[in-house]
Amino acid sequence: MSDTRDYKTTLNLPKTAFPMKANLAQAEPATLARWQKQGVSAAITASRVNAPKFVFHDGPPYANGSIHVGHLLNKVLKDLVVRSAIMEGRGCHYVPGWDCHGLPIEHRVMTGLVESGKAAKLETLSDEHRRMAIRRECAAYAAKFIKTQAAQMQRLLTLADYENPYFTMQPEYEAGTLEVFAGLLEKGYVFRQLKPVHWSIANRTALAEAELEYEDRVDPSIYVDFEAADTSKVDSAFGVECDCKPSFMIWTTTPWTLPANLAIAVHPRHKYALVEMDGALTIVAAEMLDKVAAVVGATAVSKKAEALGSALVGLEYRHPFCDRTSRIVAAEYVTMEDGTGLVHTAPGHGDDDYRTGLREGLEIYCPVRDDGTFDETAPKWLQGKVVWDGNALVIEHLRTSGHLVHALQFTHSYPHDWRSRTPVIFRATEQWFIGVDRPAGSGASANSAANTGATTSTSLRAMALEAVSKTVKFFPEWGRNRLRGMLESRPDWCISRQRSWGLPIPAFRQADGSVFMTAASVRAIADCVKSKGSDAWFTLAPTELLAAYDASKDPDAPKSLDIASLAKMHDIFDVWFEAGSSWHSVMRQRGVGFPSALYLEGSDQHRGWFQLSLLPALGVTGKPPFDALVTHGFLVDKDGRKMSKSLGNALEVDTLLKDYGAEVARWWVSGVAYDGDIRIDLDYFKVAGDSYRKVRNTLRFLLSNLFDAPAWSDEEVRALALGAPPESLVGWLMGELAQLEAEARAGYAAYDFRKVHLAIFNFCNETLSAIFCAAAKDRLYCDAANSPRRRTTQAAASVTMEVLCRLLAPILPHTAEEAWTALRGENAPVLFTQTHYGVKANRDARWTDVMIACAGVSKAIEVAKTTGIDNPLDAAVIIPDPHGTLAPFLPELADLCGVSQVTLDRSATSVVVRDLRQDGGAGRCDRSWRRDGTVRVRSDGGALSDRDALAVGV
RNA sequence: GCGCCAGUAGCUCAGCUGGCUAGAGCACACCGCUGAUAACGGUGAGGUCGAAGGUUCGAGUCCUUUCUGGCGCACCA
């Protein structure tokens with residue numbers, strides 16, 4: 001036994017400093033620090049100065065809280081794009097961004113101020129000072145989380161210009177947003193119109209959904225008869241003839257909105273009944289009849305006729321106390337759960353009603369002032385009264401006039417102002433819109449609200465649909481339909497918000513009450529904001545804000561403009577408008593490039609960033625801001641349920657990084673099928689960790705066998721490895737390697753990272769570990785160190801490493817670089833300054849049969865194990881080779897099959913396994929443990945094969 | 001309620017325009033190696049392709065309905 005062990009020192013056993021254990025949680029931060037210290041990012045940029053650009057643009061996450069696994073997925077996918085573009089030799093200046101404005105932050109800050117008692121103090125300040133105080137708090141809040149998130153994103157090893165990120169609250173960014181707005185204004189897409197919003201009477205302000213609290217409230221619930229205007233038309237709709245006048249019975253819990261009633265909505269496909277109820281002829285939904293009769297306490301009910309809602313559409317009725325006639329309209333949202341099936345419709349007091357009103361061309365009428373009192377357009381007996389008192393007055397009036405069928409008290413959940421805890425109302429207010437159906441050129445200032453449609457230019461919607469159908473590429477393809485569907489049905493874009501934390505819409509009110517805002521005035525203010533930030537709107541006077549504005553050069557300027565008497569208005573932009581301007585505020589303004597090759601976001605952004613970037617860009621430039629859209633699905637838990645804190649199934653990014661490291665997370669992301677739902681669970685990270693280790697170990701094996709490789713030049717290794725005969729093991733490997741490189745690069749180019757991941761894994765697992773490494777071991781360990789066969793094999797290992805490091809780099813930047821350094825030495829150039837290796841080799845189709853033959857041998861050996869063979873090296877096999885196709889590969893077959901001897905037999909029909917330990921077998925070489933038939937006792941007393949004797953020199 | 005997407009072995013996924021006994025990796029079981037060793041190699045057992053109808057000589061693949069889950073929208077007057 002001792003003599004066999006002696007030979008171990010004569011073997012070329014592998015050696016490497018590349019550790020088996022990655023220790024990622026510790027090693028990654030160290031790598032990160034080193035990259036920063038060495039200016040790796042700058043080196044990469046420098047290496048791509050003259051390279052063709054890949055323009056890629058980051059959609060801004062919201063600067064709130066820590067990053068979650070959704071961010072991890074999104075940011076890593078984006079990094080795969082960035083890094084793979086760089087490895088293809090492209091320059092990619094990737095600017096990370098954050099969305100800073102908006103209600104979620106303002107809401108949190110306000111909550112904080114209320115809790116700390118500072119809110120009361122704010123109330124004592126003037127409007128502008130209060131707004132500024134809130135804005136300062138919000139800005140600090142956003143800045144804090146940008147810092148947190150930027151550090152977390154860098155910890156994911158993402159490559160981006162973190163030195164110069166973009167924030168939507170940066171002055172230059174804000175100015176860019178205003179420029180985009182000016183462009184839309186100039187083209188006539190912007191207009192001002194009434195729209196109902198949640199309105200707090202106590203605070204005289206609009207509220208967002210998030211600022212509402214639902215509490216129970218007791219309201220009157222009333223049933224009201226609206227008299228038909230033309231009896232005969234009703235008769236013909238129902239196909240009957242009656243003498244008395246019918247009424248349409250509606251139900252409402254907000255009697256005070258009745259003055260604004262401009263329509264009654266019915267469901268077109270539900271049946272309505274004409275009934276005589278206690279002597280009065282009335283119309284209610286057929287299926288609501290019993291319920292209604294019971295509620296109003298009708299004693300004598302008889303149904304006269306029925307008709308579909310659609311038959312009623314167009315019938316007219318007289319308003320019970322306003323002097324006007326309105327008509328019946330159809331609406332899909334009418335339900336048969338409460339009320340009468342006929343819905344009181346006041347376009348100025350409800351969102352549905354508003355939409356219906358727009359569709360039907362009704363006035364968005366709202367006779368309620370911001371203090372909650374009725375204005376002079378309301379009936380005299382209501383004017384000046386608060387809406388809550390209006391309820392009783394309306395009921396009393398209806399009772400007196402005989403229109404009230406029934407009234408009762410009704411408890412329901414009703415929205416309240418979260419701060420004043422008072423009930424809110426729905427009230428139409430003037431809002432800014434971007435019209436999606438207005439043709440361009442329909443007016444250059446906000447004052448020309450009338451849409452004449454006199455031009456032939458196409459609308460934003462038409463342009464967007466055109467782009468989505470024809471120009472833009474989608475990965476996956478179904479995104480096209482999705483975006484198209486949304487664009488087809490989207491309403492005009494309401495871009496104004498009544499908040500403090502945001503970019504002001506720079507509109508002024510003139511002394512006569514009209515609004516002043518033109519493309520030129522907005523551009524002048526953009527100039528001001530560029531240097532002073534949007535706070536300037538709150539701190540400067542109109543004359544200062546408009547310092548760069550020259551009315552005499554503005555064709556849209558109103559005739560008698562008096563800048564000194566202007567009053568600033570207080571709407572801010574919808575944050576989506578800001579984010580949707582980033583193609584200009586970042587990509588054009590910074591000269592990064594326009595349009596972008598790609599936007600990559602979650603599928604929710606079809607409604608969000610994708611669409612709301614597309615519209616402004618088309619409006620201003622006529623071009624989409626992106627050539628292609630990549631969409632990923634959402635993360636769900638292993639049972640397919642969505643992740644949420646309340647379900648307790650959310651994974652913490654920090655935990656993942658600590659337990660697995662960023663690279664395992666990146667490896668996992670790269671392997672995921674990201675269209676559709678993505679299941680995520682710690683178990684999957686364990687799996688990803690296992691396969692990461694498999695790849696790592698394979699790299700380690702190759703590296704460890706290069707410990708004594710000569711210092712070849714690039715040309716020398718290429719020549720050595722790629723010049724190997726196609727029938728040799730190395731020749732085969734080079735063919736496989738070329739195939740891998742092509743496949744992986746194609747995968748990266750198509751954003752099909754999973755394909756890359758699988759190709760690399762299968763290559764490491766199968767091609768290398770199971771086949772090449774196993775077969776090459778013997779020659780690497782036992783051949784004379786300098787034998788041509790061993791050197792060629794080493795050259796192949798070296799080339800394989802060169803290729804693998806590059807292919808892995810986008811996914812595993814840390815590990816790839818670690819391996820690259822182990823391969824090239826400490827002075828190796830930065831991996832990301834390299835480009836793909838370019839393996840010039842072809843697969844030889846004859847190898848397919850060889851591999852099938854080897855698989856046959858494995859099976860035969862497995863059978864032989866049941867009858868005595870333990871170690872395949874004790875076996876010799878005879879392989880059938882009926883057509884002689886295997887013959888050229890004979891020298892490699894023993895190593896490939898892991899046996900000691902192979903012979904080919906044209907007449908054999910199945911693999912024959914012979915145990916070489918038996919009589920007539922072959923002796924075992926003390927050094928290589930093989931029985932190749934040349935083993936005999938040598939001069940040093942050991943039993944060695946010819947090859948080993950030569951290697952040892954005996 | 002509407003639009004889009006997904007549902008194939010325990011898990012993650014391939015299966016293109018319909019056509020050989022439905023594939024891969026992981027996990028699992030068993031075996032081997034002990035000179036990649038908290039590594040490595042081999043073999044094997046796992047599926048009524050979410051369900052029900054239909055078209056067809058033939059369907060995981062096409063059509064209809066349905067169930068489950070995800071994203072978005074709408075609804076709650």
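Chain letters run A, B, ... following the sequence lines, proteins first and then strands; every chain starts at 1.
Annotation: A:F753 is not in aromatic contact with A:H757 [ring centroid separation under 6.0 Å not met]. Ring to ring, A:F685 and A:W668 are close: their centroids are under 6.0 angstrom apart.
A salt bridge between A:D926 and A:K8 is absent, with no side-chain N of the basic residue lying under 4.0 Å from a carboxylate O of the acidic one. Electrostatic pairing of A:K694 and A:D690 does not count as a salt bridge here, judged by no charged N lying under 4.0 Å from a carboxylate O.
In this structure, of B:rG44, B:rA27, B:rG41, it is B:rA27 that holds the atom nearest to the side chain of A:D690. The side chain of A:K865 has B:rG41 as its nearest neighbour among B:rA36, B:rC71, B:rG41. When distances run from any side-chain atom of A:W929 to the nucleotides B:rU34, B:rC75, B:rU37, the shortest one goes to B:rU34. Nearest nucleotide to the side chain of A:A770, out of B:rG42, B:rA39, B:rC73: B:rG42. Here the nucleotide nearest the side chain of A:V636, chosen from B:rA36, B:rG70, B:rG32, is B:rG70.
Annotation: B:rA29 and B:rU37 have their C1' atoms spaced 22 Å apart (nearest Å). Taking the C1' atoms as reference points, B:rU56 lies 13 Å from B:rU61, given to the whole Å. As rounded to the nearest Å, B:rC5 and B:rA24 have P atoms that lie 30 Å from one another. Annotation: B:rG60 and B:rU43 have their P atoms spaced 30 Å apart (nearest Å). B:rC28 and B:rG47: their C1' atoms are spaced 16 Å apart (whole Å).
Here the P atom of nucleotide B:rA39 and the NZ atom of A:K15 are 23 Å apart, to the nearest Å.
Base orientation of B:rG10: anti (glycosidic angle beyond 90° from 0).
Minimum interatomic distance between A:L262 and A:Y317 (heavy atoms only, all atoms of both residues): C-OH, 3.6 Å.
Within the cation-pi definition used here (under 6.0 Å to the ring centroid, within 45° of the axis), A:R696 qualifies as a partner of A:F18.
Put simply, A:K8 has a side-chain N or O that comes within less than 4.0 Å of OP1 or OP2 on B:rG35. One finds a side-chain N or O of A:K694 lying less than 4.0 angstrom from the OP1 or OP2 phosphate oxygen of B:rG41. Under 4.0 angstrom from either OP1 or OP2 of B:rA36 there lies at least one side-chain N or O belonging to A:K777. Checking the phosphate oxygens (OP1, OP2) of B:rC26, no side-chain nitrogen or oxygen of A:K686 falls inside 4.0 Å.
For A:T257 and A:H344, the side-chain atoms include at least one donor-acceptor pair closer than 3.5 Å. Residues A:Y692 and A:T815 bring a donor and an acceptor atom of their side chains to less than 3.5 Å of each other.
Place A:N762 and A:L758 on RNA chain B by their nearest nucleotides, and A:L758 ends up nearer the 5' end. Both A:S603 and A:L342 sit near RNA chain B, but only A:S603 has its closest nucleotide nearer the 5' end.
In this structure, A:N765 reaches the sugar-phosphate backbone alone: every heavy-atom distance under 4.0 Å involves primed, P, OP1 or OP2 atoms, never a base. Counting any heavy atom pair closer than 4.0 Å across all strands shown, A:S769 reaches a base atom. Note on A:S704: nothing from the nucleic acid sits closer than 4.0 angstrom, heavy atoms only. No contact: A:A774 has no heavy atom under 4.0 Å from any strand. Counting non-hydrogen atoms under 4.0 angstrom, A:P872 reaches the backbone sugars and phosphates but no base. Across all strands, A:D604 comes closer than 4.0 Å only to sugar-phosphate atoms, never to a base (heavy-atom distances).
Base pairing annotation: B:rC13 forms a Watson-Crick or G-U wobble pair with B:rG23, both donor-acceptor distances under 3.5 Å. Judged by Watson-Crick or G-U wobble contacts below 3.5 Å, the nucleotide B:rC28 has B:rG44 as its partner. A 3.5 Å limit on both hydrogen-bonding distances identifies no Watson-Crick or G-U partner for B:rC49. For B:rG1, the paired base is B:rC73 (Watson-Crick or G-U wobble, both distances below 3.5 Å). Under the Watson-Crick or G-U wobble criterion, with both distances below 3.5 Å, B:rU56 has no partner in any strand shown.
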Subject >> Under 4.0 Å protein heavy-atom contact, by nucleotide of nucleotides 1-12 of chain B - B base, S sugar-phosphate only >> reply: --BSS-----SS
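Each of A:L600, A:V630, A:V669, A:T631 was checked for a side-chain contact (heavy atoms from CB on, under 4.5 Å) with A:Y674, and the lone residue meeting it is A:V630.
Applying the 3.5 Å distance criterion, the base of B:rA36 shares no donor-acceptor pair with the side chain of A:T16.
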